[in-house]
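Here is the structure we will look at.
For ligands, and for the atoms within them, numbers begin at 1 and follow the listed sequence.
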Amino acid sequence: NPRARILSGMQPSADSLHLGNYLGALVQWRAMQEEYDAVYMIVDLHAITVPQDPGVLAQRTRVTAAQYLAGGIDVDKCTLFVQSHVPEHTQLAWVLNCLTGFGEASRMTQFKDKSLKQGSDTASVGLFTYPILQAADILLYQPEGVPVGEDQRQHVELSRDLAQRFNHRFGETFVVPQAFIQKESAKIQDLQNPAAKMSKSAESPNGLINLLDDPKVTAKRIKSAVTDDGTEIRYDKAEKPGVSNLLAIYSALSGKPIAAIEAEYQGKMYGHLKVDLADLVVSELAPIRARAQELLADPAELDRLLAVGAQKAREVAAVTLEEVYRKVGF
Ligand code: ADP
Ligand code: NA
């Protein structure tokens with residue numbers, strides 16, 4: 001009985017993953033590779049839909065790969081590769097572009113949001129068609145499930161529509177994938193602004209816990225996290241968002257239920273929790289940071305691992321593309 005295939009991707013868009021990416025993506029991926037035939041990709045083609053710097057992009061692609069590998073993504077248990085290494089993505093994207101209505105593409109809300117930020121005249125056509133490339137990224141591998149955040153639901157919906165449309169016009173070809181929507185409860189908030197989620201586009205870097213930061217910086221940021229009025233260490237997202245965020249991180253990293261942590265800190269002060277949490281975060285992240293630095297110091301080995309991943313990916317992607325090309329008349 002072959003294991004079900006799932007597929008997920010991450011953009012190489014920051015110099016380090018933050019704790020939100022770690023708990024919300026990497027840790028989940030690490031678990032899913034044990035259960036599923038998992039395909040994970042670093043979507044560098046998507047990174048050029050907005051203005052970018054070539055040197056920075058190349059470095060971020062490597063750094064992103066290094067962190068996922070260091071965090072336990074195992075190339076013997078899954079397929080990890082860089083999107084641009086597999087030309088079938090853009091080849092299938094063209095076919096799917098020609099099956100997508102202009103109005104249909106115009107309804108993608110992420111384009112509206114992102115192009116508003118840039119000004120709609122300067123936003124690229126690539127940004128406009130990126131959900132169609134994303135559909136190609138998914139459909140090439142015939143996955144049953146696509147683990148994504150709620151913000152990506154509409155794009156998975158488009159992939160489903162395109163899969164069904166292609167199957168209807170040209171005969172059964174694609175698996176119609178399902179979105180596996182991430183739990184909202186897995187969200188980590190900004191340390192300085194606990195009303196907002198921890199994000200690389202944070203207003204202040206002090207709100208972020210980065211995988212690759214010096215442990216001293218990480219400890220300092222946790223100790224200066226915004227807490228709330230009062231002294232009680234209690235989980236209450238509405239009244240005590242700062243303390244609740246610290247408790248959520250503590251729980252996620254220790255595996256202890258929130259109630260057990262509350263009981264442990266009854267009568268203690270915020271400072272006690274912060275000191276212990278800083279130790280916990282540092283001891284979890286330090287070995288990952290060290291391993292990522294080792295990988296980055298040996299770019300030939302890193303490139304070799306990614307080349308193996310691209311080879312494995314192409315073996316699947318080429319079969320799908322060959323069938324698609326034949327069916328459309330190429
Ligand atoms: P960012 O918000 O920093 O730009 P991305 O949108 O690139 O992060 O997200 C990459 C992955 O990390 C996605 O799977 C997303 O759901 C997850 N993720 C991002 N921020 C958080 C967070 N604060 N808490 C939990 N998961 C997160
Ligand atoms: Na696997």
Side-chain angles (χ1 to χ4, degrees), residues 6-33 38-50 52 56-57 60-61 63-65 67-68 71-73 78 80 83 108-111 113-114 117 127 130-131 134 137-138 143 145-156 179-213 218 221-222 225-226 237 241-242 244-253 281 284-285 288:
I6 55 135
L7 174 144
S8 215
M10 85 299 263
Q11 288 225 22
S13 50
D15 298 319
S16 174
L17 297 181
H18 56 69
L19 192 71
N21 304 138
Y22 177 69
L23 291 170
L26 205 166
V27 168
Q28 318 294 328
W29 291 15
R30 190 165 70 199
M32 286 187 295
Q33 71 183 348
V39 178
Y40 298 136
M41 61 195 165
I42 300 171
V43 293
D44 58 344
L45 295 173
H46 290 283
I48 70 165
T49 56
V50 293
Q52 55 90 23
V56 171
L57 176 58
R60 285 179 172 176
T61 298
V63 167
T64 302
Q67 290 173 97
Y68 274 83
I73 298 305
C78 69
L80 174 72
Q83 184 190 25
M108 295 295 127
T109 56
Q110 282 225 342
F111 176 73
D113 296 346
K114 289 189 182 176
K117 273 184 211 154
L127 186 64
Y130 121 82
Q134 194 177 346
D137 299 337
I138 295 169
V146 187
V148 287
E150 180 59 44
D151 59 330
Q152 291 293 320
R153 188 193 285 278
Q154 195 186 29
H155 293 168
V156 179
F180 291 174
I181 302 290
Q182 238 170 20
K183 279 184 293 191
E184 197 56 29
S185 60
K187 281 262 154 66
I188 302 302
Q189 305 298 107
D190 186 292
L191 296 178
Q192 287 301 316
N193 176 20
K197 72 165 200 151
M198 189 176 284
S199 168
K200 60 180 170 265
S201 34
E203 261 167 49
S204 157
N206 292 329
L208 286 177
I209 297 170
N210 285 317
L211 250 64
L212 298 182
D213 279 347
T218 298
R221 287 184 185 171
I222 293 170
V226 165
K237 272 187 105 164
S244 300
N245 189 37
L246 300 181
L247 286 169
I249 296 171
Y250 197 115
S251 172
L253 291 178
V281 171
E284 171 103 2
L285 299 187
I288 300 174

Does any part of the side chain of R221, heavy atoms only, come nearer than 4.5 Å to the side chain of L208, both counted from C-beta? yes
Under 4.5 Å between any side-chain heavy atoms of Y130 and H155, yes or no? yes
Exactly one candidate in L17, I42, V63 meets side chain to side chain contact (heavy atoms under 4.5 Å, CB included) with Y68; the answer is L17
Side chains of E203 and N193: donor-acceptor distance under 3.5 Å anywhere? no
The answer, listing residues by chain and number that come under 4.0 Å of ligand 1 through any heavy atom, is H18, G20, N21, G24, A25, Q182, A186, K187, I188, K197, M198, S199, K200
Check this for me, if you would: do K197 and D190 make a salt bridge, where the nitrogen-to-carboxylate-oxygen distance has to be below 4.0 angstrom? no
Under the rule for salt bridge (Lys or Arg N to Asp or Glu O under 4.0 Å), what residues qualify as partners of D151, not counting sequence neighbours? none
